[in-house]
Structures are given as structure tokens and as C-alpha cells.
There are 2 protein chains.
Amino acid sequence: MSAFRYFYTILKVEQIDYFMDEAEQSRCENCIVRQFNSLRAMSKTELKKVSDSKVTKKIKKGEALFEEGDKLDGVFCVREGVSKLSKLSSNGKDQIIKLASKGEVMGQRSVIAEEYTNLSAVAVSDMEVCFIPKDSIVHTLSKNPDFAIEVLRHMAHDLKEADDVIVNMSQKTVKQRIAEAFVYLKNNYGEDDQGFLKLTLSREDIANVVGTATESAIRIISEFKKKGMIKTSGKKIGVLNEKLLQDLIEGF
Amino acid sequence: MSAFRYFYTILKVEQIDYFMDEAEQSRCENCIVRQFNSLRAMSKTELKKVSDSKVTKKIKKGEALFEEGDKLDGVFCVREGVSKLSKLSSNGKDQIIKLASKGEVMGQRSVIAEEYTNLSAVAVSDMEVCFIPKDSIVHTLSKNPDFAIEVLRHMAHDLKEADDVIVNMSQKTVKQRIAEAFVYLKNNYGEDDQGFLKLTLSREDIANVVGTATESAIRIISEFKKKGMIKTSGKKIGVLNEKLLQDLIEGF
DNA sequence: AATAATTCATGATAATTGTCAGCTTTTCGA
DNA sequence: TCGAAAAGCTGACAATTATCATGAATTATT
């Protein structure tokens, strides 16, 4: 048993990295993000197989991992950075369905359903992802019920979130949806030391998350700023008064 | 082998019923709708267990199968009729997320995720459903990977549909969404001999499917009627010119 | 069959959101 | 670091959609 294993549970990620050489780090068995996704239900042997067949890729901000309609021969596991999953609508606008970050697995749905993917994935920040060929996934799925159940749980969760998005889209105003987006970004990605949201999205991306025109999003952002709910600096946005945002979301 | 089995593949449902006595009919093993859902991946023994523990219920139009927030101790398999699955939004309006009909299984998501259900289910027409206690489902899930994969496939499909709904909600006009609803109802539930949609929804339900105010839905229905795209008779609606509807959906 | 209760329908009006146009600021590559 | 390109911003206006009010038609109930 090597040194890093011993410290596994009591050290932070950066510290663990310190004890692992690059080859050790890149093994799925040692991958930290695995704790957050369904791969944790895999056995040692299964993980070893996955690790041997996987490929780690660096993706630069703005680059696509895959495009709507692509045939995916595997899934992507996010080690670092954030990707937007979006779908082009017939009017030419992109709707962002979901943001995927550390630990999340993208492309499961289409691999499982054996269909072309219905979404595009584009990096919103520099990313590091592992591509895992579908064979090892599909094989484990049919041999290890625990893994299948774990994947099911994740998909069930995604489905519930999708239901919530549907309700928000149809029943809330653009203003409410934008307020909600800021609260979400704050709670899920945190703030930097100056109080700005760590995950910076362009105004267009924000508009595409809440399903509105870019100009409308900009206008509402200006309004929030005027009212002291948020602050901005370039494209960076910081939440100043979460309660006001929350009130607006609830309905006044 | 009894008579109805022999005819299984070549007879329509009503004809099979003719050869089965009531006890035989009510067995899951013989249930026709099973062909359409994930239960078909169950083994004979597993199905027998399910059948012994299930309860068949008749639900009248307007009655609820379960309400948002309920803890579900099992799933509902629809044998007959249609149910709306909806979610209450904070502004007091109901958003219909999905219509479930013959063969569909409701409540899987919350049973699998072991969470309170996020949706209400109310019968839109008289229904006959089987309630299957979760034990037999969960047990089979952990023992029979084929079943788990089958459930996964269904959930993957639901998730894709949910993505499509999100895009439609945010990127299409109310008019387009209503047109889409009529085409959907026609293709999925068919028409009666006079050309009216077999599944009749109230104007309010239609509004709740497309996420708009009831008055707006009514107004648009009147407009469609004036333009010869549909006909109405009381609350019944019939598609007269599907192409016109389709053009509108596409964007002219 | 008469009456009450829903549901459907339409007008008037207000609020929300989208579109187009022009201008300013920021970002990024040569 | 300069200059082009992209992104952000704002105004004016149009289109869409919601809300309130009121009455007609349909459905349910006694």
C-alpha cells in the first residue's frame, strides 16, 4: 500500500496529489471525482478495466466535446471545469439544458438508449475530462446490478431536475428565472474572494439558460444591479443581496 | 397450454379476453400492456411474484392516484385510460409534465430514487391500474440486470423527452405549442369515427400542458378553428388540416 | 326539466418579452 | 499595444401573453 492511500481519507485533494505521481493519479481507482458519480459502484476489477480503456483529454473553453446528433461511443467524466449541455431549437437559438461539472458523467443517456445524442456539450471553462468507451460501461451494466442501480439513481435525479426546469420555464417570468440562475450559480460553484461568482457565463449563455433573448437578459441584469441585488464587473457577476433575489423568485 | 396462449400473437386484446376467464386475465404473466414497459424483462418467477403482490384498482376520471409529495410504496402500471402527471408551481398553476397511458409505469422515478414523488397523478379518463409494491420491483432490480437496463432505457427515453419539452417551452410560442399538442394527441391517442381526438382534455388541461393561461389557450383554439385547422364540438377537438398545424409548429 | 355550477368564450387593457438599430466597452490576436 | 472583432448595453417599438371582467354555453344535480 503506497503512501497516498494511507492518507486518502484525511487529506485534501491537493495534498493527495502531492503524494501521487502522475501515473498513479490518472488511474480511475484513485480518481477523486469518482466519489461523486455512479462509477463508485464499480468493483476494483471493473474500475481497472475502465481505467485501462479510458482516455484523458484537455478541452479549452469554447471547444465542443460532442455535438447534437453525434453518435457517442462512450461517456465523458468531468475531472475539471464546466460544460454546458444544450439543444438547438428550430428558431436557431440554443437552449442550455444543464451545466455539468466535476464528477458528472455526460453522454450516459444516449449510450444507454443506444441513440444519437440529443444534446451538444461545449466547455464553458477549460476542462479536463476522461472519455470512457462504452463497452466497459455497457458490460458492467449487465453484470453489476449495483452499478446499474447507481446509474438509475443518477438518471432519476436528472429527470426530476428536468421536471423542475419545465415548471420554471412555463410558470415563472424571465426575471424570476434569471434570479434563480444567479442563486444557483452561487450555491453550486461558489464565489471568489471578491464576491463574484466563480463560474462566469457570457450574457448570451445566461440568456440561453433561462430561455430568453440576450437583450432581455442584459436588461434584467442592469435592473438587478440598479436595485442593489447584484454587482457586475465586466462579464463577472456577484450576488449582493440573496434575500432580495429569493423574494423575487418566490413571487415578490 | 391454454387456448388464449395459442392465439396470443394473432388476436387483438378483446379477442384474447374472450378466451381468458377473469382470474387468468388479471395475472401479470398474461397482461398485454406488459409488452410495452420494462416489466417484460422480468423472468417468469419474478413476474409471478409481482402478480401475487399487485392490486388492481379502478380510478374514475378526476380522481388522484397520488399527490405531489406523497411517499410511494410502489409503482402504478396503467392498464386502461390516461393520467396526467403534473406539478404545482409556486404561482398556483399546475403544469402537466406528461400524459401516461396504457402500458406506462408511473412512480418509478421516486421509488428508485427513494424520494417523495415530485408529481401528482390525476386520471383524465376512467382508468384501470395495477399497483405494484416496491419490494418486488426493487428486489428484481438488484437481481436481474436485464430488468435494470430495461428500466434505464425507459428512463433515458423520458429524460430525452423532458429535454425536448424544455426547449419547446422556452423557444416556441404558445401558438406553436398548442398546435404541437393537437398533433401529439392525434398521433398518440387517435381520433374517433367523426374525426375528433379520442382523448378529450379540458381547455384548462390543454393550457396546463403547454404552460399558458386558460384564456390564452381558448383564444388560440378559436383562432385555429377560424382558420380551418381544427374543428370543435363542445370540448371535443378534431384536427382538420394537420399540414397547417405542422407549418405553424415549424415556424410558418 | 329546471337550476346551479362549471367550463367555454370574448373584449379591453396591461404587463411582459422580443426585435431591430445603434453605440460603447471589453477581449483577443497579430 | 494597436485595431478589429466580439460582447455588452440601451432605446424605441412591436408582438406576445396575462389578467380582469362579463356573458354564453355546456354539464351536472336535484
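Residue numbers start from 1 in every chain, and the chains themselves are labelled A, B, ... in the order their sequence lines are given, proteins ahead of strands. Since this is a predicted model, take the numbers as computed values, not measurements.
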Visitor: Output one letter per nucleotide in nucleotides 14-23 of chain C: B when a protein non-hydrogen atom lies under 4.0 Å from the base, S when only the sugar-phosphate is that close, - when neither is.
Guide: ---SBBB---
Visitor: Atom CE of B:Met169 to atom P of D:dT16: distance rounded to whole Å?
Guide: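 Taking atom P of D:dT16 as the reference, CE of B:Met169 is at 19 Å.
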Visitor: Between atom CG in B:Asn91 and atom P in D:dT17, what is the gap in whole Å?
Guide: 17 Å
Visitor: To the nearest Å, how far apart are A:Lys231 NZ and D:dG8 C1'?
Guide: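 Answer to the nearest Å: 19 Å.
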Visitor: Would you say the side chains of A:Lys235 and A:Thr200 form a donor-acceptor pair under 3.5 Å?
Guide: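 No pair is found: no donor N or O on one side chain lies under 3.5 Å from an acceptor on the other.
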Visitor: Nearest whole Å is fine: how far is D:dA7 C1' from A:Asp205 CG?
Guide: 12 Å
Visitor: Identify which one of B:Glu180, B:Arg177, B:Gln176 satisfies the side-chain hydrogen bond (donor to acceptor under 3.5 Å, both in side chains) criterion when paired with B:Asn168.
Guide: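 Among B:Glu180, B:Arg177, B:Gln176, the one that satisfies the side-chain hydrogen bond (donor to acceptor under 3.5 Å, both in side chains) with B:Asn168 is B:Glu180.
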Visitor: Take the protein atom CD1 of B:Ile218 and the nucleotide atom P of D:dG23, then report the distance between them rounded to whole Å.
Guide: 17 Å
Visitor: With a non-hydrogen cut-off below 4.0 angstrom, is A:Thr214 in contact with a base, only sugar-phosphate, or nothing?
Guide: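 No contact at all - A:Thr214 keeps every heavy atom at 4.0 Å or more from the nucleic acid.
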Visitor: Expressed in angstrom and rounded to an integer, what is the separation of A:Leu201 atom CG from D:dA7 atom C1'?
Guide: 14 Å
Visitor: If the threshold is 4.0 Å, N to carboxylate O, is there a salt bridge linking A:Lys98 and A:Glu104?
Guide: yes
Visitor: Using the closest heavy atom to pick a nucleotide of DNA chain C for each, name whichever of A:Lys235 or B:Glu204 lands nearer the 5' end.
Guide: B:Glu204
Visitor: Check whether A:Tyr189 forms a cation-pi arrangement with A:Lys198 (NZ or CZ under 6.0 Å from the six-membered ring centre, at most 45° off the ring normal).
Guide: no
Visitor: If I take atom CD in residue B:Glu223 and atom P in nucleotide D:dT16, what distance separates them, rounded to the nearest angstrom?
Guide: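 Taking CD of B:Glu223 and P of D:dT16, I get 9 Å after rounding.
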Visitor: With sequence neighbours left out, write down each residue that passes side chain to side chain donor-acceptor pair (under 3.5 Å) with A:Lys186, or none if nothing qualifies.
Guide: A:Glu242
Visitor: Keeping B:Ser120 on the side-chain end and B:Glu68 on the backbone end, is there a donor-acceptor pair under 3.5 Å?
Guide: yes
Visitor: Starting from C1' on D:dT10, measure out to CZ on A:Arg203 and report it in whole angstrom.
Guide: 14 Å
